[in-house]
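Sequential numbering from 1 along the given sequence is applied to the chain's residues.
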Amino acid sequence: MIHKGMGLHADTIPVENVIMIAKFLVVAEVLYVYNLVWTKLSILLMYYRIFRFPYFKTWAYVIGLFIILWVICITFLFIFICVPVQKLWYPQLPGRCI
């Protein structure tokens, strides 16, 4: 992304590089969220193995389910932040963004 002009003002780099950076950012956002989820679930599973109380197991399942549902929602939110999706890197297209 640095070779495409990441970190520079959008007016100083070619338009096709701005479009490529916008596409890379969508992918990076989704990958970042999945890295967060794997970290959260691994810590939760560690606590699950340490604390063997019945009510803690129930809460661990509830929290794990919440984390999984959260990542599904955030993934769709990041991918479909603009409808149509191409509006994110082509702002002149008709449509809307959140």
Nearest heavy-atom approach of Pro84 to Gly95 is CD-CA, 4.0 Å
Who passes side-chain hydrogen bond (donor to acceptor under 3.5 Å, both in side chains) against Tyr34, sequence neighbours left out? Thr75
Where Phe80 and Val83 come nearest, the two heavy atoms and their spacing: O-CG2, 4.2 Å
Taking ILVMFWY side chains as joined if any heavy atoms are under 4.5 angstrom apart, and letting links pass through other members, which residues group with Val27? Leu31
For Tyr61, the side-chain hydrogen bond (donor to acceptor under 3.5 Å, both in side chains) test, sequence neighbours excluded, returns Tyr48
Beyond-backbone contact of Val26 with Val85, side-chain heavy atoms, under 4.5 angstrom: no
Joining Ile, Leu, Val, Met, Phe, Trp and Tyr whenever any side-chain heavy atoms lie under 4.5 Å apart, the cluster holding Leu69 also takes in Leu65
Atom pair CD/CD of Gln92 and Gln86 - distance to nearest 0.5 Å: 11.5 Å
Give a yes or no on whether Ile81 and Phe76 share a hydrophobic cluster (residues Ile, Leu, Val, Met, Phe, Trp, Tyr; joining criterion: side-chain heavy atoms under 4.5 Å apart). yes
More than 12 heavy atoms of other residues, nucleotides or ligands under 6.0 Å from CH2 of Trp38: yes or no? no
What I'd like to find out is whether the side chain of Val37 reaches to under 4.5 Å of the side chain of Ile68, using heavy atoms alone. no
Answer whether the closest heavy-atom distance between the side chains of Val33 and Trp70 falls below 4.5 Å. yes
Partner of Val30 under side-chain contact (heavy atoms from CB on, under 4.5 Å), picked from Asn35, Val71, Ile79, Ile74, is Ile79
Can you check whether Ile13 reaches Ile21 side chain to side chain, under 4.5 Å on heavy atoms? yes
Could you tell me which residues satisfy side chain to side chain contact (heavy atoms under 4.5 Å, CB included) with Tyr55, sequence neighbours excluded, listed by chain and number? Phe53
Measure the CG-CG distance between Leu25 and Leu88 for me, rounded to the nearest 0.5 Å. 8.0 Å
Has Phe56 got more than 12 heavy atoms of other residues, nucleotides or ligands less than 6.0 Å from its CZ? yes
Spell out, yes or no, whether Ile43 and Leu36 are grouped together once hydrophobic residues are joined by side-chain heavy atoms under 4.5 Å, including indirect joins. no
Is Tyr90 linked to Met20 within one hydrophobic cluster, defined over Ile, Leu, Val, Met, Phe, Trp and Tyr using a side-chain heavy-atom separation of less than 4.5 Å? no
Is it the case that one hydrophobic cluster holds both Trp89 and Leu77, taking links as side-chain heavy atoms less than 4.5 Å apart, direct or via other members? yes
If the plane angle is over 60° it's perpendicular, under 30° parallel, otherwise tilted; pick one for Tyr47 and Phe51. tilted
By the rule that ILVMFWY residues connect when side-chain heavy atoms come within less than 4.5 angstrom, directly or transitively, which residues belong alongside Trp59? Val62
Heavy-atom closest pair, residues Arg52 and Arg49: NE-O, 3.6 Å
